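Below is one structure, written out as structure tokens; the observations come after it.
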Amino acid sequence: MSNEQISKLLRNIATAYTIKNEKKFRFQIIAYQRAADFIKNSSIELQDYHKDSKLQDIPGIGTSIKGHLEELFKTGKSKQFNWALKGIPDPVFVLIDIPTLGPKKSYRLVNEFGLSNSKNVIADLEKIAKKGLIAQLKGFGEKSQRDILRAIKEFKEGKGKTSRMVLPLASEISDKIIDYLRKSPYVGRAYVLGSLRRQLPTVGDIDIAVASNNPKKVIDHFISYPYIERMIEKGKETASMLVSGGKQIDLMVQPPQAFGALLQHFTGSKNHNIALREFALKKGMSLSEHGIKYLRNKKSNIKQIDSEEEFYNTLGLAWIPPEIRENTGEIELAAKKALPKLIEIKDIKGDFHIHSSFPIQPSHDLGKNTIGEMASKAISLGYEYVGFSEHNPSVSKHTNSQIYTLISVRNQEIDQIKLRYKSIRVLKILEVDILSSGELAIDDKSLSLLDFAIVSIHSVFSMNKANMTKRVIEGLSHPKAKVLAHPTGRLLNQRPGYELDWEKIFKFCKDNNKALEINAWPSRLDLSDQLIRQCVGNDVKMVINTDSHASYQMDNMKFGVSMARRGWATKSDILNTLDYNEFMKWLKGGEL
DNA sequence: GCCGTTTTCGGCCCGACTGTTTTCAGTCG
């Protein structure tokens, strides 16, 4: 079973408990949802935790759920899970994925209309709504019926939160809306919060906070946005809309003197906020987007706080960077004032994964800008060094000596650039394919022309974990191979990436002076934050590269840095924060 | 059902908004 399937199963159990008796099962519901959340976001397959007897290491999985999961993995079913799900028809668990339909409404609809076919339940419900039958149910009305029809339509079209965007698209949309909001004189500070501020690899909706003493004017201005597709809701201090393209924008407004609490609240994550509020409760404080209530003094009003730093400080905590607000230990360290100093974009001194337009006749795609143009861009970014790493010349179309010649000519071009641009060091690299045998695509003689090679997988993705691990280690074993590029091969929203035995990879890299790449290409962002954090824990060095195929793409470095921050990486974990001489020392196998 | 720097028992975040109601249930984040 995949993590996705297991997560859905646990969520279904929470749904079933909600339908059966929400009050009685209140805490079980929370527990199952928490476990489901964590499993869904985990980049390690749950079955592997199980094989290594490490299920209890997962937050939210205690003795009960662990026992049920072990029974499920062993026998294919769990008595407890089956008992919990008993009596709730399967179509309920399909309808619940449609926004506005929760456990109660889904169950009512399935029962009232005898919907029994999971595969067709959405189409069946749509027909029923069109006949006007939903409006006749007690507790439903004409408006609910229209809302359900629209929700089904948007669900089918992937609108709202049912599809996630990569970071640059989300930033582009949010920039436009912030610019628009600032045209109103009633809008004070206006920031993008939520998962975009936390820099998740993909973003479901865009959350914006505004400080204003006149929230009504701000909200009216917000929903007058020219590219609005429809308004979702509108209240006294919040509003939501869909904009063209079907993306959802949520707005929250608070007065300037309470803005700090709103920044904290609306940045999330949900799990961070829950943990923070539990932490505060123990100190006699209750938190919300409006501020801090002191529970021991019932007469006191809510304390309003205008900055986020002050909000955390009032709780006795250091300010926590948004990227690590996921309740994975940050609150405990903030209490001890012992948070790591996360890497920043200004720490980056170079980029090693750049594809120029030099006609090297590569196995894969060529860049759009010349070596000179790319080097010039690197200088404008303030870099101390840059490395060119076009794909190796195509193996099927060239002999070894032709390949050798192509690389030599490219190197001559780099030498010319070195003479022209004295302010930057330029390295001769290539991105070399690891063939399915584990061999590198080009021979030793050609490899000897390079300062080092970045190696990567570009074919035969379907190998099993053991063989893929063997292949990668074989490829990295070559003395010239120093960096594994886009280590999982994932493409966000497109494919999950192949599986590797990370313990083996980490050990190999640490023992043999190899690095893993954090690829900053927006639809890769590979390594994931979780794997980065494991590298940090295992003292495995990383390099943040842009994989640019055009000079402007070198600006994508910030996304790689964001992933590194989400993975708790500091400057010392990332090799391209070193100055040139230190980096060359690492390259030659010297200790840092 | 989970969890532990006052706890292995007794706690468990907090509020906004909508539709269908006439004081609230359901959903969402």
Side-chain angles (χ1 to χ4, degrees), chain A residues 10 13-15 17-19 22-38 56 58-69 80-81 84 95-109 134-148 151 160-161 193-195 204-207 209 215 219 231-240 248 250-254 261-262 264-293 295 302 316 327 331-333 335-336:
Chain A
L10 298 184
I13 290 164
T15 300
Y17 277 144
T18 309
I19 294 163
E22 192 173 9
K23 272 193 182 146
K24 181 180 166 191
F25 295 118
R26 186 168 156 217
F27 297 111
Q28 281 91 334
I29 293 165
I30 294 169
Y32 275 94
Q33 281 170 342
R34 248 178 68 84
D37 269 354
F38 190 89
Q56 68 278 3
I58 298 172
I61 295 189
T63 45
S64 290
I65 295 184
K66 173 172 175 275
H68 305 325
L69 284 173
Q80 177 66 25
F81 290 172
L95 287 190
I96 198 159
D97 287 338
I98 295 173
T100 74
L101 294 184
K104 306 280 179 72
K105 285 187 185 175
S106 296
Y107 184 69
R108 273 288 309 280
L109 292 167
I134 291 177
Q136 294 166 20
L137 292 180
K138 192 173 191 310
F140 290 79
E142 287 288 340
K143 187 72 173 64
S144 299
Q145 183 168 270
R146 278 201 303 277
D147 285 347
I148 288 170
K161 296 175 188 183
L193 305 179
S195 53
D205 65 354
I206 289 168
D207 299 316
I219 286 170
M231 194 185 76
I232 296 170
E233 64 180 33
K234 169 180 178 273
K236 286 182 177 151
E237 52 189 52
T238 75
S240 296
Q248 182 169 335
D250 294 342
L251 176 76
M252 292 186 87
V253 188
Q254 287 291 316
L262 178 59
Q264 197 291 314
H265 165 82
F266 212 17
T267 297
S269 66
K270 187 177 80 179
N271 289 334
H272 174 83
N273 283 1
I274 290 173
L276 195 70
R277 286 166 186 190
E278 285 176 354
F279 177 86
L281 273 181
K282 287 177 191 157
K283 299 197 159 202
M285 292 179 261
S286 170
L287 311 181
S288 76
E289 62 266 46
H290 302 118
I292 298 180
K293 257 190 290 201
L295 299 172
I302 290 180
N327 189 29
I331 294 172
E332 293 80 350
L333 285 182
K336 293 185 207 156

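Below, chain A is the first sequence line, B the second, and so on; all start at residue 1. For clarity, every value in this text was computed on a predicted model and none was experimentally measured.
One can place CD1 of A:Ile98 at 16 Å from C1' of B:dC28, the figure rounded to the nearest angstrom. Atom CG of A:Asp205 and atom P of B:dC28 are 13 Å apart (whole Å). Atom CD1 in A:Ile148 sits about 13 Å away from atom C1' in B:dT18, given to the nearest Å. Distance A:Gln33 CD to B:dT27 P: 12 Å, rounded to the nearest Å. The nearest whole Å value for the distance from the OH atom in A:Tyr107 to the C1' atom in B:dT27 is 19 Å. Following rounding to the nearest Å, A:Arg146 (CZ) and B:dT20 (C1') show an atom-to-atom distance of 14 Å. The nearest whole Å value for the distance from the CG atom in A:Leu137 to the C1' atom in B:dA25 is 16 Å. Rounded to whole angstrom, the span from the OH atom of A:Tyr17 across to the P atom of B:dG26 amounts to 20 Å.
Screening residues 23-36 of chain A for side chain to side chain donor-acceptor pair (under 3.5 Å), with sequence neighbours left out, gives no hits.
Between A:Lys143 and the phosphate of B:dG19, there is a side-chain N or O to OP1/OP2 separation shorter than 4.0 Å.
Every salt bridge (Lys or Arg N to Asp or Glu O under 4.0 Å) that A:Lys66 has, sequence neighbours left out, goes to A:Glu70. In this view, A:Lys104 and A:Glu22 satisfy the side-chain hydrogen bond (donor to acceptor under 3.5 Å, both in side chains) rule, not counting sequence neighbours. In this view, A:Gln80 and A:Tyr17 satisfy the side-chain hydrogen bond (donor to acceptor under 3.5 Å, both in side chains) rule, not counting sequence neighbours. Residues satisfying the side-chain hydrogen bond (donor to acceptor under 3.5 Å, both in side chains) test with A:Lys270, not counting sequence neighbours, are none. For A:Asn271, the side-chain contact (heavy atoms from CB on, under 4.5 Å) partners at least two apart in sequence or on another chain are A:Ser269, A:Asn327.
Distance check on atom C1': B:dC2 versus B:dT8 gives 12 Å, rounded to whole Å. Nucleotides B:dT21 and B:dC17 have their C1' atoms positioned 15 Å apart, rounded to a whole Å. B:dT7 and B:dC12 are spaced 13 Å apart, taking the C1' atom of each and rounding to whole Å. Using C1' as the reference atom, B:dT6 and B:dG11 are 13 Å apart when rounded to the nearest Å. Rounded to whole Å, the C1' atom of B:dC13 lies 16 Å from the corresponding atom of B:dC3. For the P atom pair drawn from B:dT20 and B:dG26, the interatomic distance equals 14 Å after rounding to whole Å.
Nucleic acid contact for A:Phe266: none, since no nucleic acid atom lies under 4.0 Å from a heavy atom of the residue. Nucleic acid contact for A:Gln80: sugar-phosphate only, since backbone atoms but no base atoms lie under 4.0 Å from a heavy atom of the residue.
When each of A:Phe140 and A:Gln248 is assigned the nucleotide of DNA chain B bearing its nearest heavy atom, the one mapping closer to the 5' terminus is A:Phe140. Heavy-atom distances to DNA chain B give each of A:Tyr32 and A:Lys138 a nearest nucleotide, and the one nearer the 5′ end belongs to A:Tyr32.
In this structure, B:dT8 makes no Watson-Crick or G-U wobble pair, since no nucleotide meets both defining distances under 3.5 angstrom.
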Donor-acceptor contacts under 3.5 Å from residues 280-292 of chain A side chains, at least two apart:
{"from": "A:Lys283", "atom 1": "NZ", "to": "A:Leu315", "atom 2": "O", "distance (Å)": "3.4"}
{"from": "A:Ser288", "atom 1": "OG", "to": "A:His290", "atom 2": "N", "distance (Å)": "3.0"}
{"from": "A:His290", "atom 1": "NE2", "to": "A:Glu237", "atom 2": "OE2", "distance (Å)": "2.9"}

Per-nucleotide protein contact string for nucleotides 10-17 of chain B, where B marks a base within reach and S marks sugar-phosphate only (heavy atoms under 4.0 Å, - for neither)
--BBBSSS
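Listed candidates were B:dG1, B:dC2, B:dG26. Nearest to the side chain of A:Thr63 is B:dC2.
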Let me see the working for A:Phe140 and A:Leu109 under side chain to side chain contact (heavy atoms under 4.5 Å, CB included), right down to the final yes or no.
CA-CA 10 Å; A:Phe140 290 79; A:Leu109 292 167; 4.2 Å; yes
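A:Phe266 is listed as a side-chain neighbour of A:Asp250, based on a closest heavy-atom distance under 4.5 Å. Between A:Phe81 and A:Leu69, the closest side-chain pair of non-hydrogen atoms falls below 4.5 Å.
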Would you list the protein and nucleotides 3-8 of chain B atom pairs, both N or O, that sit under 3.5 Å from each other?
{"from": "B:dC3", "atom 1": "OP1", "to": "A:Gly60", "atom 2": "N", "distance (Å)": "2.8"}

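If you take CD1 on A:Ile232 and CG on A:Asp205, they are separated by 9.0 Å, rounding to the nearest 0.5 Å.
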